[in-house]
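Have a look at the structure below before the remarks.
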Protein chains: 2
Amino acid sequence: MGRGHMARRNTNRRVGIADVAEKAGVSHATVSRVMNGNAAVDPGIAARVRAAAVELKYQPNPVGRSLALGKTDTIGIVVPDLANPTFQAILRGLSIAAAQDGYRVLIADSSEVTSEEAILAGEARRRCDGVVLCAPRMSDAELEELAPTLHPLVLINRTTVATNTPSLSVDYGQGIQELAQHLVTLGHRRLVFLSGPEHSASNRQRLVGLDQFRKEHPEIELQMLHGGSNFDSGHESTEAIISSGATGILAFNDLVAMGLLSGLHERGIRVPEDISVTGFDDIPFAKYTTPPLTTAAVPINELGSLAWRRMREQIQQAGEAATQAQDEFSPRVEIRKSTAAPALTPA
Amino acid sequence: MGRGHMARRNTNRRVGIADVAEKAGVSHATVSRVMNGNAAVDPGIAARVRAAAVELKYQPNPVGRSLALGKTDTIGIVVPDLANPTFQAILRGLSIAAAQDGYRVLIADSSEVTSEEAILAGEARRRCDGVVLCAPRMSDAELEELAPTLHPLVLINRTTVATNTPSLSVDYGQGIQELAQHLVTLGHRRLVFLSGPEHSASNRQRLVGLDQFRKEHPEIELQMLHGGSNFDSGHESTEAIISSGATGILAFNDLVAMGLLSGLHERGIRVPEDISVTGFDDIPFAKYTTPPLTTAAVPINELGSLAWRRMREQIQQAGEAATQAQDEFSPRVEIRKSTAAPALTPA
DNA sequence: ACGCTCTGAGAAAACGCTTTCTCATAATTC
DNA sequence: GAATTATGAGAAAGCGTTTTCTCAGAGCGT
């Protein structure tokens with residue numbers, strides 16, 4: 001029972017195409033043809049090969065396939081922070097959508113280290129058939145330079161001008177304006193925006209939106225307060241918020257709002273009776289806070305699956321340079337219980 | 001300026017080792033040696049090669065390397081549901097720890113479809129150097145059969161007897177007992193356990209723990225209520241909880257507890273004054289609910305990084321069959337504001 | 001000055017697969 | 001029945017690396 005000429009190195013080798021070929025008494029090529037259904041193979045032989053394959057539990061080695069086919073059936077995603085529910089949701093949507101088409105996703109977390117992003121993205125690209133760059137913190141110039149080298153690329157929360165790479169963005173500017181408008185309609189006259197990370201493009205968009213809002217509502221007092229993007233930064237801002245004297249708070253996102261909510265609660269300040277608070281994103285937790293959070297809903301699951309669709313389009317087209325879609329989502333204000341008319345409307 | 005014999009197929013080929021070799025006037029082999037610093041190379045030549053490499057922006061193709069080296073520097077993780085913060089945290093911990101050692105992670109979400117788990121795990125294994133199986137829902141028998149085929153394998157929340165694969169588990173049984181004890185100590189006499197998914201091994205552990213608890217506290221009334229593992233199932237149980245007449249509620253996990261918290265709030269029932277609620281896991285959101293949730297803290301970030309350490313040990317040892325560690329974590333009860341003495345202790 | 005060891009670079013095999021190329025055999029046509 | 005065309009399987013080239021094998025030339029000792 002010789003193992004043939006293949007028994008050269010390891011005895012406990014993983015079963016390869018050669019083993020199946022030997023067992024079925026055919027050539028490597030024929031096994032490959034049968035496994036991939038590529039060319040016509042005599043039904044009898046095909047059956048023999050298939051039988052040998054199942055008997056040996058043969059599973060083609062994906063690395064070998066990848067090298068031969070020039071594709072890995074894998075896409076990469078680079079996120080600034082995997083702890084952020086927004087990015088988790090995008091990752092999830094992407095992963096599920098991609099899986100439906102037989103693709104897997106490789107993840108890379110830049111941990112908000114801007115300088116790592118380009119490296120991670122490049123590495124991911126070399127291992128994968130494409131890359132999704134999620135809310136990159138790098139500069140526009142850097143992004144512009146990097147984009148072409150990544151080519152099958154989908155951008156989330158950023159856009160490029162030079163190359164026409166598909167991008168998915170959310171109109172944060174509009175969303176924050178609508179939230180501000182909501183507060184004003186309720187009767188609030190003194191607002192605070194608790195801003196997010198400086199490198200965040202979406203934070204800049206919110207600021208631009210609020211500038212616009214100021215022009216349209218010169219009668220409203222709108223203060224800016226520096227913050228971050230997580231619970232803790234919201235919590236830490238509690239005192240500053242209280243002493244601001246504002247009655248309506250626009251938090252950078254839901255996480256910040258939740259941190260703030262908890263801080264206010266500890267201080268015995270009632271929401272929404274004393275202060276109204278809004279979030280942004282409508283993460284799944286937002287409607288379960290106490291009180292449920294008024295926020296601007298970003299269709300976060302769709303983002304992931306649409307990202308995959310755009311990626312797939314590029315992978316399939318390969319050659320033809322089609323015009324790439326620039327999708328923009330408008331957040332929808334979700335009014336819950338964390339906002340209400342202020343107790344005393346100042347004269 | 002001929003491209004040499006390499007210009008056979010695509011003009012816009014990706015730059016390969018051959019291009020560098022040609023430019024530096026050396027052989028493929030030498031370029032490889034320089035890039036990997038494997039063998040001694042004449043400093044002059046090495047410099048020439050390196051110069052050529054940077055000029056051409058040469059980056060070795062990982063697929064080629066993987067084939068040659070028999071490793072991918074990638075590990076896979078299979079989770080039942082990427083929407084669950086617990087698994088997200090594990091994924092994150094794993095990803096960050098692995099990245100520190102130059103490894104990437106490929107994710108697979110079985111979406112709670114038990115029959116997919118084995119397939120996904122197998123596929124992941126073929127593409128990666130190892131697999132982390134996170135809270136698999138499959139039967140013990142299936143797991144026992146699958147484990148050896150996955151070999152560099154780390155199990156989370158499950159164990160195997162046959163193969164000695166390292167496993168990380170949490171003593172859910174003890175944790176839930178401690179929470180129950182906490183409620184009893186506060187004066188509660190009527191408790192409810194709002195249980196989780198049936199296929200979940202950790203749910204079974206909780207049930208076993210509570211059986212034990214019952215034996216030790218025959219005087220306590222402990223009801224079981226069916227539920228799930230997310231917000232909605234907690235929210236949906238609100239009525240059943242209220243009509244149970246219990247004053248202390250042990251929710252399957254923090255998500256369920258949060259859903260319940262919100263349901264109780266809507267019904268005007270105060271927590272903890274009227275009813276005490278506990279969660280499990282101590283997800284980041286738990287301390288920001290209103291009121292902050294009493295829960296059993298699972299060291300969730302450590303789980304991910306420890307999973308990587310165990311994986312790395314196996315990858316490095318390769319040959320030597322070392323005894324594999326079975327790590328067990330004891331949850332630590334985190335007392336917050338969602339539990340308190342019941343208003344009226346029944347006679 | 002001759003032979004020996006040692007250093008270092010190129011040739012070639014290997015990794016596991018797909019696919020083109022080639023050719024034998026069977027099927028078809030006049 | 002001989003020439004022509006389908007059909008289908010094997011041989012071999014490639015995919016992009018690493019690594020073993022081989023060998024030329026430099027350095028050394030006597």
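The analysis underlying the following values was restricted to heavy atoms, covering all of them including side chains, and did not include hydrogens, waters or symmetry mates. Naming convention: chains lettered A, B, ... in sequence-line order (proteins, then strands); numbering from 1 in each chain.
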Exercise for review: State, to the nearest 10°, the angle formed by the axis through the first five base pairs of the helix from C:dA1-D:dT30 to C:dC30-D:dG1 and the axis through its last five.
Suggested key: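 Helix axis angle between the two ends: 50°.
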Exercise for review: Measure across A:Val131 and A:Ala121 and return the closest heavy-atom pair with its distance rounded to 0.1 Å.
Suggested key: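 Distance-wise, the nearest heavy atoms are CG2-O, 3.9 Å.
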Could you tell me which residues satisfy salt bridge (Lys or Arg N to Asp or Glu O under 4.0 Å) with [X], sequence neighbours excluded, listed by chain and number?
X	answer
A:Glu123	B:Arg104
A:Asp101	A:Arg312
B:Glu302	none

Practice item. Determine the contact category for B:Val63: base if any of its heavy atoms lies under 4.0 Å from a base atom, sugar-phosphate if only primed atoms, P, OP1 or OP2 are that close, otherwise nothing. Key: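 Nothing, no heavy atom under 4.0 Å.
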Consider the side chain of [X], meaning its heavy atoms from C-beta on, and name the nucleotide among [options] that approaches it most closely.
X	options	answer
B:Ala68	C:dG10, D:dG16, C:dC17	D:dG16
B:Arg33	C:dA9, C:dC17, D:dT17	C:dA9
A:Ser32	C:dG10, C:dT18, C:dG16	C:dT18

Point to revise | Pairwise 5' ranking along DNA chain C for A:Ile17 and B:Ser27, keeping only the more 5' one | key: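 In this pair, the answer is B:Ser27.
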Review point. side-chain hydrogen bond (donor to acceptor under 3.5 Å, both in side chains) with A:Arg137: which of A:Glu117, A:Glu112, A:His199?
Key: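 Running side-chain hydrogen bond (donor to acceptor under 3.5 Å, both in side chains) over A:Glu117, A:Glu112, A:His199 with A:Arg137 returns exactly one hit, A:Glu112.
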Practice item. Report yes if at least one side-chain N or O of A:Asn38 is closer than 4.0 Å to OP1 or OP2 of C:dT19; otherwise report no. Key: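 Yes, such a contact exists.
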Check your understanding: Counting only side-chain N and O atoms of B:Tyr58, is one of them less than 4.0 Å from OP1 or OP2 of D:dT17?
Key ->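 Checking B:Tyr58 against D:dT17: at least one side-chain N or O falls below 4.0 Å of OP1 or OP2.
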Exercise for review: Pull out every residue in residues 40-48 of chain B that has a heavy atom closer than 4.0 Å to any atom of DNA chain C, ordered by number, or say none.
Suggested key: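 Correct list: B:Ala40, B:Val41, B:Asp42, B:Ile45.
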Point to revise | With sequence neighbours excluded, residues passing side chain to side chain contact (heavy atoms under 4.5 Å, CB included) with B:Glu144 | key: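 Result, side chain to side chain contact (heavy atoms under 4.5 Å, CB included) vs B:Glu144: B:Thr160, B:Val161, B:Ala162.
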Review point. Partners of B:Ala201 by side chain to side chain contact (heavy atoms under 4.5 Å, CB included), sequence neighbours excluded?
Key: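 Residues passing side chain to side chain contact (heavy atoms under 4.5 Å, CB included) with B:Ala201: B:Arg158, B:Arg204.
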Taking atom [atom2] of [N] as reference, at what distance in whole Å does atom [atom1] of [X] sit?
X	N	atom1	atom2	value
B:Met35	D:dT18	CE	P	8 Å
A:His28	C:dT20	NE2	P	18 Å
B:Leu67	C:dT18	CG	C1'	13 Å
A:Asn61	C:dT18	CG	P	10 Å

For residues 72-80 of chain B, which side-chain donor-acceptor pairs fall under 3.5 Å, sequence neighbours excluded?
unit_1, atom_1, unit_2, atom_2, d
B:Thr72, OG1, B:Thr74, N, 3.4
B:Thr72, OG1, B:Arg127, O, 3.3
B:Thr72, OG1, B:Asp129, OD1, 3.0
B:Asp73, OD1, B:Lys71, NZ, 2.7
B:Thr74, OG1, B:Thr72, O, 3.0

**Study point:** B:Tyr58: ring pair (Phe, Tyr, Trp, His ring centres under 6.0 Å) partners, not counting sequence neighbours
**Key:**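 B:Tyr58: no ring pair (Phe, Tyr, Trp, His ring centres under 6.0 Å) contacts found.
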Exercise for review: Between A:Thr30 and B:Asn36, name the one whose nearest nucleotide on DNA chain D is closer to the 5' end.
Suggested key: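 Its nearest nucleotide being more 5', the pick is A:Thr30.
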